[in-house]
There are 2 protein chains.
Amino acid sequence: MKIEEAIQQKVFKDIYNKAVVNLLYTNSYIVSKQSSLFKPFGLSPEQYNVLRILKGQNGNPITVSSIQERMLNKMSNASRLVEKLKQKGMVVREECPTDRRQVDVKITEDGLKVLEELQEKIHILNRELISLDQSEIELLNNLLDKLRV
Amino acid sequence: MKIEEAIQQKVFKDIYNKAVVNLLYTNSYIVSKQSSLFKPFGLSPEQYNVLRILKGQNGNPITVSSIQERMLNKMSNASRLVEKLKQKGMVVREECPTDRRQVDVKITEDGLKVLEELQEKIHILNRELISLDQSEIELLNNLLDKLRV
DNA sequence: ATGTATTTAATGTATATACACTTAAATACA
DNA sequence: TGTATTTAAGTGTATATACATTAAATACAT
């Protein structure tokens, strides 16, 4: 759907402005569908993102600040997100033995189980979200990578 | 910058997943730079978005629900955003004469002045944010429009 | 004309984000 | 060694978002 229809705006100042608006609107489109998927599992998109980072560690612990660096939204509060996930039993947190300022975080079996249950649903959702063919997706990924300085 | 570097993730499940992550990350990149620009003016990106919609009315009032429909984030709470802008004197709100359930919202002179002060800065920021040439931007806009069902 | 359904905006509540600040620990270095 | 600086995580606070609910006005079927 053309962005002009989606937000009922006929003209844009220029194509730079239109691209920014288009990117922001597309984000909102993705996040709202992802939220609906995650909701029955008691997860927000950013909480899911933290879980996914932890799973990528293959059992190794990772510190809160490393989680923060890998997050999609660099401004989100990894400390509080980890706390929420801990309350749900999806992660454990323990003092790092080599540096007592740091906290090692690991995903639990329960956390892994939730990710497993979500896996196929996310796979399907991703395909629905990005209705482009393979070569178009590659083009999109390249444009996004180039766009950011 | 390649998304793999940006979030320190070497591999993605597939290109659909990579595209979703790339879009979410790009959004965060844009929003954080926009926030910094708006902050000295006491505006959040979504408040700015409401002001911009009101300006597009060229002096005609618009109801809260129409603002909501035109917002980039359809889930945001136009009612509360209008209230915030009213507190700052950037909009006025009055009962709609033909339907007393509705509320007519208009931008004030002060609101217009703030937009005017922001205009050139936003123009420059948009160019910085989207570091692509004309034909690439058109391609990006087309891909985003097609991507959303 | 009356009762029911729908629409509109506002509000309550839980959660998330942005960002400054605090605390504790580790490190640098005079 | 002792003091200063830096780093890591957590916390306080204001604001924003998501979503359900409420209250009032209007539409509409019977």
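The shown structure was predicted, so the numbers you read here are calculated from the model rather than taken from an experiment. Each chain gets a letter, A, B and so on, in the order its sequence line appears, and its residues count up from 1.
Distance, A:L43 CG to D:dA18 P: 16 Å, rounded to whole Å. Nucleotide C:dA16 holds its C1' atom 14 Å from the CD atom of A:E83, rounded to whole Å. Residue A:Q87 contributes atom CD, which lies 10 Å from atom P of C:dA16 at whole-angstrom precision. The nearest whole Å value for the distance from the CD atom in A:Q47 to the P atom in C:dA14 is 16 Å. In this structure, CG of A:N27 is placed 14 Å from C1' of C:dT17, rounded to the nearest angstrom. Rounded to an integer number of Å, the gap from A:Y29 OH to D:dT17 P is 21 Å. A:N49 places its CG atom 20 Å from the P atom of C:dT15, with the value rounded to the nearest Å. Separating the OH atom of B:Y48 from the P atom of D:dA16 is a distance of 17 Å, rounded to the nearest angstrom.
Linking ILVMFWY side-chain heavy atoms closer than 4.5 Å, directly or via other members, places A:L23 and B:L132 in a single hydrophobic cluster.
No donor-acceptor contact under 3.5 angstrom links the side chains of B:T108 and B:D110, judged on distance only. For the residue pair A:Q87 and A:E83, a side-chain donor N or O sits within less than 3.5 Å of a side-chain acceptor on the partner. Under 3.5 Å, the side chains of B:R148 and A:T26 contain a donor-acceptor pair of N or O atoms.
Within the 4.0 Å cut-off from OP1 or OP2 of D:dA16, at least one side-chain nitrogen or oxygen of B:S44 is found. The shortest distance between the side-chain N/O atoms of B:Q68 and the OP1/OP2 oxygens of C:dA9 is not below 4.0 Å. For A:S79, no side-chain nitrogen or oxygen approaches OP1 or OP2 of D:dT11 to under 4.0 Å.
For the pair B:R127 and A:D14, the salt-bridge criterion is met [side-chain N within less than 4.0 Å of a carboxylate O].
Distance alone, capped at 3.5 Å, places no donor-acceptor pair between the A:K55 side chain and the A:L112 backbone. In this structure a side-chain-to-backbone donor-acceptor pair under 3.5 Å is missing from B:T63 to B:D104.
Remark on DNA chain C: of its neighbouring residues A:K88 and B:R93, the 5'-side contact belongs to B:R93, judged by nearest-heavy-atom nucleotide.
Residue B:E46 has its side chain nearest to D:dT17 when only C:dT8, D:dT17, C:dA16 are considered.
Residue contacts for A:E95: at a heavy-atom cut-off of 4.0 Å it reaches no nucleic acid atom on any strand shown. At a threshold of 4.0 angstrom between heavy atoms, the contacts of B:S32 with the nucleic acid are absent.
Exactly one of B:R52, B:K84, B:K88 qualifies for a side-chain hydrogen bond (donor to acceptor under 3.5 Å, both in side chains) with B:Q47. That residue is B:K88.
In DNA chain C, consecutive stretches of 3 or more Watson-Crick or G-U wobble pairs with both distances under 3.5 Å are given as paired ranges: C:1-30 with D:1-30.
Here A:Q68 contributes atom CD and A:S79 contributes atom OG; the two are 8.5 Å apart, rounded to the nearest 0.5 Å. To the nearest 0.5 angstrom, B:L37 atom CG is 9.5 Å from B:L43 atom CG.
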*Sugar-phosphate or base contact per nucleotide [nucleotides 18-27 of chain C; S, B, -; heavy atom under 4.0 Å]*: BB-----BS-
